[in-house]
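Okay, so here's the structure we're looking at.
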Amino acid sequence: MTHADPTIPAPYEPSTVEPRWQQRWAERGTNAVDLDHTTRPFYSLMMFPYPSAEGLHVGNLFAFTGSDISARFHRLQGHQVFQPLGYDAFGIHSENYALKMGAHPMEMTPRNVSNFQRQLERAGLMIDWRYKVDTSRADYYKWTQWVFLQLYKQGLAYKKAGAVNWCPTDKTVLANEQVENGLCERCGTPVEQRFLEQWFFRISQYAERLLHNLDTLDWSDITKHAQRNWLGRSEGAELSFAIDEHSDYVRVFTTRADTIYGATYLVLAPEHPLVGTVTTAAQADAVRAYQDATKRQDLITRKSVKDKTGVFTGAHAINPATGAPIPIWIADYVLMEYGTGAIMAVPGHDERDFEFAQAFTLPIVRVVAGPDDRADTPLGDTAFTDDTGGRLVNSAQFDGLPVNEAKASVTAWLADGGHGTAVVNYRLHDWCISRQRYWGPPIPIIYCDACGTVPVPDSQLPVELPFLADFKPDDSGVSPLARDAAWYHVPCPACGAAARRETDVSDTFLDSSWYFLRYPSATRDDVPFDAARTRAWLPVDSYIGGNEHAVLHLLYSRFVTMVLHDAGHLDFEEPFTKFRAHGMIIREGAKMSKSKGNVINPDVYMEEWGADAFRMYLMFLGPYEEGGDFRDAGISGVRRFLDRLWSSVRDCSSDGVADAEVLRKLHRTIKKVGDDTARLSYNTAIAAMMEYLNAVRRGERNVHRDEVLPLVQLAAAYAPHLAEECWNTLGHDASVFDAGWPMFDPSMLLDDTVELVVQVNGKVRGKLNVAADITQDAAVTAALADANIAKFCVGEIRKVIFVPKRLLNIVVG
RNA sequence: GCGGACGUGGCGAAAUUGGUAGACGCACCAGCCUUAGGAGCUGGCGGGGCAACCUAUCCCGGUUCGAGUCCGGGCGUUCGCACCA
């Protein structure tokens, strides 16, 4: 930037300043880290984006900027910071968009990626781009397939035919986590039940560890809470009910073993394997009809229907406590996926059983009495479900026992009789990873008539995804890859006979479940992750992302990390030491969406206000972990601050000495900005910088160099381009990010005199400027010398509360 | 239905352990500068009152010398989970 007339001061012009520094960072390798030689490594990770064709979203930039500030701050604090970024480019999202546009994902994805890349570079993030990953490239998914094989070798990947969630629009299977209220989370279509052969990961085997380890993690509480909820630990008992005239038993899971005497019937899920065995000839037609009806039902109607339906099987089981025969029913309010797929119904003490018993006039027995009830108090029109205050009744030798004790006693008694055991049940299901789609990594398995299921040997990875001109999914229940015979016909790796590849691809969430391991080793094509680098840089020190991934990505990543740890590939079992969920940016109280026409295009704002101003505004509009409402008007305030910072630096002088009061304020500001930035309280850190700059400039005074120079360092993480420009203008050749964080002098934080608030009976009546170390007695004397305070001190002083340096409260009366 | 988070000026918000409620910013008002201002600078800005003061953090109650903050009850917003046995 040149100015013809040197007497006209140069204004702050982001459109020239920002590209200049971006270029200089690239030339000097400012953002590059030497991963192999490091003393204080800090791995700062942000959730990588799906490279949408629409380009970077403000939500992306909000998330990335928050992570970038944390990364730059740690660097200023003396860490070597590794902050990579890449693209989650595989998946249904990209594939659907390509279908819609009549494009092919293989040529569309690189285009989207390069557009994203351009926007990200414009935003000025401190990314080491040498370590970029792209999940849709063979050099990445080769190792995704390797991860699959690791699970397979551990016996944690298995193929099972079973009921799965099928989206008729996306024409693929969905994981349970991808179904919301019976609808496909992606397209909103009601999900159907289908019976298909699918690959699953045994994540349920890790449920206890996934739950237990949460206590050790420094994560947002809301995220931990969501995971605990999802894992759904439930303590109870598994009880066996003998079936009349059969050798089989019905196993049920219950959390209320104490109510066994009130179990008046059993219910099996319609698809329960015992249904066929126990159903009597007389009931066979009715049962089959009911099974067919529920099978056809999609999950949405099934879940919203409150009216209970069901059919009697004709069979009876024996209640192990009472010895009485009780009928066995089937009903769709019992879910095959949870517990054992069968329940003992206690209509007296469970809402659902009560409704069902009423609908089919089954016996309802009270076995728990509340504090005000007697054993024969009628239940009325609702079940008594309180499991804390009651005592057992009509329960033989357990009568009178409080419910909380009875749970254990009854379970123990039943166990003694061989009728059950105490168990812990989890809601978490195994992870279905098969997808009958095109745009994903082929599952590296080969089927051979002679050898059976054969894993692709590591040496034959990657199993490359072939170019398919027609990649449109169909209703067949198999992937479009099943149309490419030339691709799927392969010799068996074990015996050489003609064999056939698995044609399904894996879930996108498998791609992202290990990408953080890949970044530091993205330059290596001989290993998935280099041992030394992994040891030096992992686990991730700071992970920032959206809480919408609280149960999907974050749970899968933890699981895969544990598996790789157990296989001896990693020396840690939790991938993310610290995780913080950022908030969401909304606009006019609503999520941004194309249909509402309220989407912000970051390019436009960065163009008009500069990337620094835009970054800083996003961080200033609300608490980072809560997000906030985007309002155009707000940017000007932040931009004004940057303009003033620049002109203060441009016009400052090093003559004389800095103002002592201003310096005192500076040291307090250094401390506050540091503390606030460390805890992601970016909005208040920015406010503190603004407050300080206001103090520096108050009254159009001459600004001293020593007053603004440290402020440039404080602002660097927030407005990196401008900070570099200022730092350079102040005579430094090297980057401000190598200048370190300014030290504050703790002695400068303490004032000699303080303003002491004086209250009388808890109400503020005056303020005194007193020595910081004033004694209580001296403060009272000083306060009473103040006419206005003395005025309120009528009567005798009963009590004095003195908080040094803050407050004096005189209680009179 | 169960669980979490939240509720503060015209607006976005701050108040980290109970200690001056409203920092910082937007908008607005007044003034300065200017040929001009959608620029810059200075000051004001919860409500009432000339003032001393009074009043005020969703509502009601409690604990405390003192409550936006803690406790009990209610209302509202919002996000998870949801026939989970």
Side-chain angles (χ1 to χ4, degrees), chain A residues 11 180-182 220-230 232 234 236 252-256 259 267 302-308 331-335 337-346 349-353 355-356 385 425-428 547-548 550-551 584 589 617 620-623 625-626 628-638 640-641 643-644 647 672 675-676 679 681 683-694 697-700 755-767 788 791-792 798-803 805-813:
Chain A
E180 289 175 355
N181 295 323
S220 304
D221 284 339
I222 39 168
T223 313
K224 286 194 193 184
H225 191 263
Q227 290 217 346
R228 285 197 185 99
N229 230 340
W230 192 263
S234 181
V252 305
F253 173 72
T254 180
T255 55
R256 296 295 305 276
T259 61
V267 187
R302 183 170 151 181
K303 292 205 168 165
S304 59
V305 164
K306 279 284 165 196
D307 295 331
K308 296 287 181 286
D332 65 358
Y333 84 94
V334 173
L335 309 175
E337 312 91 78
Y338 186 74
T340 59
I343 61 157
M344 66 176 206
V346 185
H349 305 283
D350 181 278
E351 286 304 341
R352 299 151 298 179
D353 298 345
E355 285 170 22
F356 190 82
T385 56
N425 193 52
Y426 287 89
R427 211 178 69 102
L428 181 73
N547 210 43
E548 67 272 18
V551 287
M584 233 186 6
Y617 171 63
F620 189 56
L621 57 66
E625 292 177 66
E626 286 167 39
D629 208 303
F630 188 97
R631 289 166 67 247
D632 290 22
I635 304 182
S636 60
V638 165
R640 264 197 279 272
F641 166 73
D643 286 336
R644 278 189 277 227
S647 59
K672 177 153 178 66
D675 291 351
D676 286 0
R679 64 188 176 95
S681 182
N683 55 333
T684 56
I686 292 167
M689 290 188 272
M690 289 173 164
E691 198 178 340
Y692 173 67
L693 187 62
N694 288 345
R697 294 168 58 92
R698 184 138 303 148
E700 294 184 77
E755 189 183 68
L756 193 70
V757 172
V758 182
Q759 298 180 336
V760 179
N761 289 349
K763 285 189 187 277
V764 178
R765 296 302 179 186
K767 292 159 192 178
N788 195 48
K791 188 171 79 183
F792 289 94
R798 291 170 181 272
K799 193 172 177 182
V800 173
I801 286 102
F802 180 60
V803 183
K805 294 175 196 169
R806 278 186 175 270
L807 163 138
L808 179 72
N809 187 9
I810 301 169
V811 185
V812 299

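Worth knowing before you read on, the calculation uses all heavy atoms, side chains too, and leaves out hydrogens, waters and symmetry mates. Labels below follow one simple rule: chain letters A, B, ... track the order of the sequence lines, proteins then strands, and each chain is numbered from 1. Note that this is a predicted model, so its numbers are computed, not measured.
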TODO: Would you mind reporting whether A/F802 and A/L756 have side-chain heavy atoms less than 4.5 Å apart?
DONE: yes
Open item on the list: Say we look at B/A56 and B/G68: how far apart would their P atoms be, to the nearest angstrom?
Closed with: 10 Å
Task: pair A/Q759-A/V764: side-chain heavy atoms closer than 4.5 Å - done: yes
TODO: Identify which nucleotide among B/G80, B/U16, B/A85 has an atom closest to any side-chain atom of A/F253, counting heavy atoms from C-beta outward.
DONE: B/A85
Open item on the list: Taking A/A345's backbone N and O only, do any of them form a donor-acceptor pair with A/D350's side chain (distance below 3.5 Å, no angle check)?
Closed with: no
Task: Any-strand Watson-Crick or G-U partner of B/A27, both distances under 3.5 Å - done: none
Open item on the list: For B/G25 and A/N683 - does any side-chain N or O of the residue sit under 4.0 Å from the phosphate oxygens OP1/OP2?
Closed with: no
Task: Atom C1', compared across B/A23 and B/A13: separation rounded to whole Å - done: 10 Å
Open item on the list: Keeping A/Y617 on the side-chain end and A/R631 on the backbone end, is there a donor-acceptor pair under 3.5 Å?
Closed with: yes
TODO: State which residues pass salt bridge (charged side-chain N to carboxylate O under 4.0 Å, His left out) with A/R228; sequence neighbours excluded, sorted by chain then number.
DONE: A/D215
Task: Nearest-nucleotide 5' precedence on RNA chain B, A/R256 against A/V638 - done: A/V638
Task: By salt bridge (charged side-chain N to carboxylate O under 4.0 Å, His left out) - contacts of A/E626 (at least two apart) - done: none
- [ ] Sugar-phosphate atoms are those with a prime plus P, OP1 and OP2; base atoms are the rest. Using that split, label each nucleotide of nucleotides 38-52 of chain B B, S or - for protein heavy atoms under 4.0 Å, 5' to 3'.
- [x] --SSS---------S
Task: B/G9 glycosidic torsion: syn (within 90° of 0) vs anti - done: syn
Task: Proximity to the side chain of A/K308 - top-ranked nucleotide from B/C81, B/C83, B/C24 - done: B/C83
Open item on the list: From C-beta outward on A/R427, which listed nucleotide comes closest to its side chain: B/A82, B/C24, B/C54?
Closed with: B/A82
TODO: Check whether any side-chain nitrogen or oxygen of A/K672 sits under 4.0 Å from OP1 or OP2 of B/A15, and answer yes or no.
DONE: no
Open item on the list: Checking the side chain of A/S220 only, and the main-chain atoms of A/I222 only, is there a donor and an acceptor separated by less than 3.5 Å?
Closed with: no
Task: Distance between C1' atoms of B/C83 and B/C6 (Å, rounded) - done: 30 Å
Open item on the list: Once you apply a heavy-atom cut-off of 4.0 Å, does A/V811 come out as touching a base, just sugar-phosphate, or nothing?
Closed with: sugar-phosphate
Task: Integer-rounded Å distance: B/A13 P and A/L621 CG - done: 8 Å
TODO: Report yes or no: is there a donor-acceptor pair, N or O only, under 3.5 Å between the side chain of A/N229 and the base of B/C81?
DONE: no
- [ ] Give none if B/G61 has no partner; otherwise give the nucleotide forming a Watson-Crick or G-U wobble pair with it, both distances under 3.5 Å.
- [x] B/C71
TODO: Under a 3.5 Å limit for both distances, which nucleotide forms a Watson-Crick or G-U wobble pair with B/G46, could you say?
DONE: B/U55
Open item on the list: Suppose we define a pair by two distances each less than 3.5 Å, Watson-Crick or G-U wobble; what does B/U77 pair with here?
Closed with: B/A5
Task: B/G22 versus B/G47 - spacing of their C1' atoms, nearest Å - done: 13 Å
Task: Inter-nucleotide C1' distance (B/G46, B/G10), Å rounded - done: 10 Å
Open item on the list: Can you tell me which nucleotide in B/C24, B/A85, B/G19 comes closest to the side chain of A/T254?
Closed with: B/A85
Open item on the list: Quick check for you: among B/A82, B/G19, B/A85, whose closest atom lies nearest to any side-chain atom of A/V334?
Closed with: B/A85
Open item on the list: Please classify the nucleic acid contact of A/K767 as base, sugar-phosphate, or nothing, using heavy-atom distances under 4.0 Å.
Closed with: base
TODO: Measure the shortest side-chain to side-chain distance between A/V812 and A/N761 over non-hydrogen atoms and say whether it is less than 4.5 angstrom.
DONE: yes
Open item on the list: Students often get this wrong, so: under 4.0 angstrom with heavy atoms, is A/R806 touching a base, only sugar-phosphate, or nothing?
Closed with: sugar-phosphate
Open item on the list: Check A/E355 with A/K308, please: is the shortest side-chain N to carboxylate O separation under 4.0 Å?
Closed with: yes
Open item on the list: If I take atom CG in residue A/L693 and atom C1' in nucleotide B/G25, what distance separates them, rounded to the nearest angstrom?
Closed with: 14 Å
Open item on the list: By the 4.0 Å heavy-atom rule, please label A/E755 as base, sugar-phosphate, or nothing.
Closed with: base
- [ ] Taking the side chain as every heavy atom from C-beta outward, state whether A/V638 and A/M690 have any atom pair closer than 4.5 Å.
- [x] yes
Task: P spacing across the pair B/G49 / B/C33, given as an integer number of angstrom - done: 34 Å
Task: Distance, C1' atom - from B/G19 to B/G80, rounded to whole angstrom - done: 37 Å
- [ ] Looking only at side-chain atoms of A/E691, point me to the closest of B/C24, B/A82, B/C11.
- [x] B/C24
Task: Nearest-Å distance once atom P is located in both B/G4 and B/G73 - done: 13 Å
Open item on the list: Using the side-chain heavy atoms of A/L807, tell me which of these nucleotides is nearest: B/G19, B/G12, B/C81.
Closed with: B/G19
Task: Between P of B/G66 and NZ of A/K763, the distance in whole Å - done: 11 Å
TODO: Select base, sugar-phosphate, or nothing to describe what A/Q759 touches, counting heavy atoms under 4.0 Å on all strands.
DONE: base
TODO: To the nearest Å, give me how far apart CZ (A/R798) and P (B/G66) are.
DONE: 13 Å
Open item on the list: Looking at A/S234, is its backbone amide N or carbonyl O close enough to the side chain of A/N425 to form a donor-acceptor pair, meaning the two atoms are under 3.5 Å apart?
Closed with: no
- [ ] Could you state the atom-to-atom distance from CD of A/E626 to C1' of B/U77 in whole Å?
- [x] 14 Å
Task: Out of B/C24, B/A15, B/A85, whichever nucleotide has its closest atom nearest the side chain of A/I343 - done: B/A85
Open item on the list: Given B/C83, B/A27, B/U55, identify the nucleotide with an atom nearest to the side chain of A/S636.
Closed with: B/A27
TODO: If B/U34 has a Watson-Crick or G-U wobble mate with both distances under 3.5 Å, name it; if not, just say none.
DONE: none
- [ ] Would you mind telling me which of B/A85, B/A21, B/A15 lies closest to the side-chain atoms of A/T684?
- [x] B/A15
Task: Spacing between A/D629 atom CG and B/G10 atom P, to the nearest angstrom - done: 18 Å
Task: Nearest-nucleotide 5' precedence on RNA chain B, A/T255 against A/R631 - done: A/R631
Open item on the list: If I take atom CG in residue A/D353 and atom C1' in nucleotide B/A85, what distance separates them, rounded to the nearest angstrom?
Closed with: 7 Å
Open item on the list: In this structure, how many angstroms lie between the C1' atom of B/G19 and the CZ atom of A/R765, rounded?
Closed with: 16 Å
